[in-house]
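Values in this document were obtained by computation on a predicted structure and should not be read as measured data.
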Amino acid sequence: QVQLVESGGGLVQAGGSLELSCVASGRTFSSCALGWFRQAPGKEREFVAGISWRSRSTSYADSVKGRFTISRDNAKNTVYLRMNSLQPEDTAEYYCAAKETLRIPSQFTDYDYWGQGTQVTVSS
């Protein structure tokens, strides 16, 4: 079992930055791939970024490549999402997710564990 708690969301102006954190509890964190997803009102939950369990691989949605960076610190049981050059279209509830796997799943149905979400709002 893995429990996930996100933090770091907030209100930011377009062009600004935020860093989200997700702290996990559970013995299997270090063997999990971790992902960040987001969901805007009226839209489906979409993959944002993922990182493999040893941080050797990362994956990003095209819409955030070059602006967002995912990282993890297994010693702290934490995964981060650094978001730069934020735009109003990045406004959404952001969720972290985990799955015990060597690959990086990009479908939300592939993940077993979810946090409660943190809201990111980007004003124009």
Mutual orientation of the aromatic rings belonging to F68 and Y94 [parallel < 30°, tilted 30-60°, perpendicular > 60°]:
tilted
May I ask you to test the E100-D112 pair for a side-chain heavy-atom distance under 4.5 Å?
no
Mark yes or no for whether N77, through its side chain, and A24, through its backbone, hold a donor-acceptor pair below 3.5 Å.
yes
Under 4.5 Å between side-chain heavy atoms, hopping through other hydrophobics if needed: is there a path connecting L81 to V64?
yes
Should V120 and L4 be regarded as members of a common hydrophobic cluster, given that ILVMFWY residues are connected when their side-chain heavy atoms come within less than 4.5 Å of each other, either directly or indirectly?
no
Give me the atom names and distance for the closest heavy-atom approach of P88 to A14.
CD-CB, 4.1 Å
When you measure from the side chain of S52 to the backbone of S57, do you find a donor-acceptor pair of N or O atoms at a distance under 3.5 Å?
yes
Please round to the nearest 0.5 Å and tell me the distance separating atom OG of S31 and atom CG of N74.
9.0 Å
Going only through I, L, V, M, F, W and Y residues with side-chain contacts under 4.5 Å, is there a path from L34 to F37?
no
Side chain to side chain contact (heavy atoms under 4.5 Å, CB included), that's the test. Do R103 and D110 meet it? Break it down for me.
CA-CA 11 Å; R103 61 185 183 91; D110 291 332; 4.1 Å; yes
Would you kindly confirm whether W36 and F47 end up in one hydrophobic cluster when ILVMFWY residues are joined by side chain heavy atoms under 4.5 Å apart?
no
Using a 4.5 Å cut-off on heavy atoms from C-beta on, say whether the side chain of E46 contacts that of R38.
yes
Proximity of Y95 and F108 rings by center, below 6.0 Å
no
Is the backbone N or O of K99 less than 3.5 Å from a side-chain atom of T101, with the two atoms forming a donor-acceptor pair by type?
no
Can you tell me how far CD of E19 sits from OG1 of T69, rounded to the nearest 0.5 angstrom?
9.5 Å
How long is the span from the OH atom in Y80 to the OG atom in S21, to the nearest 0.5 Å?
5.5 Å
Starting at CG of D90, measure out to OG of S63 and round the result to the nearest 0.5 Å.
7.0 Å
Going from CD on Q116 to CD on E6, what distance comes out if it is rounded to the nearest 0.5 angstrom?
4.5 Å
Between T91 and Q119, is there a side-chain heavy-atom distance shorter than 4.5 Å?
yes
Look up atom OG1 in T58 and atom CZ in R72, then write down how far apart they are to the nearest 0.5 Å.
12.0 Å
Linking I/L/V/M/F/W/Y whenever any side-chain heavy atoms sit under 4.5 Å apart, do I51 and L18 land together?
yes
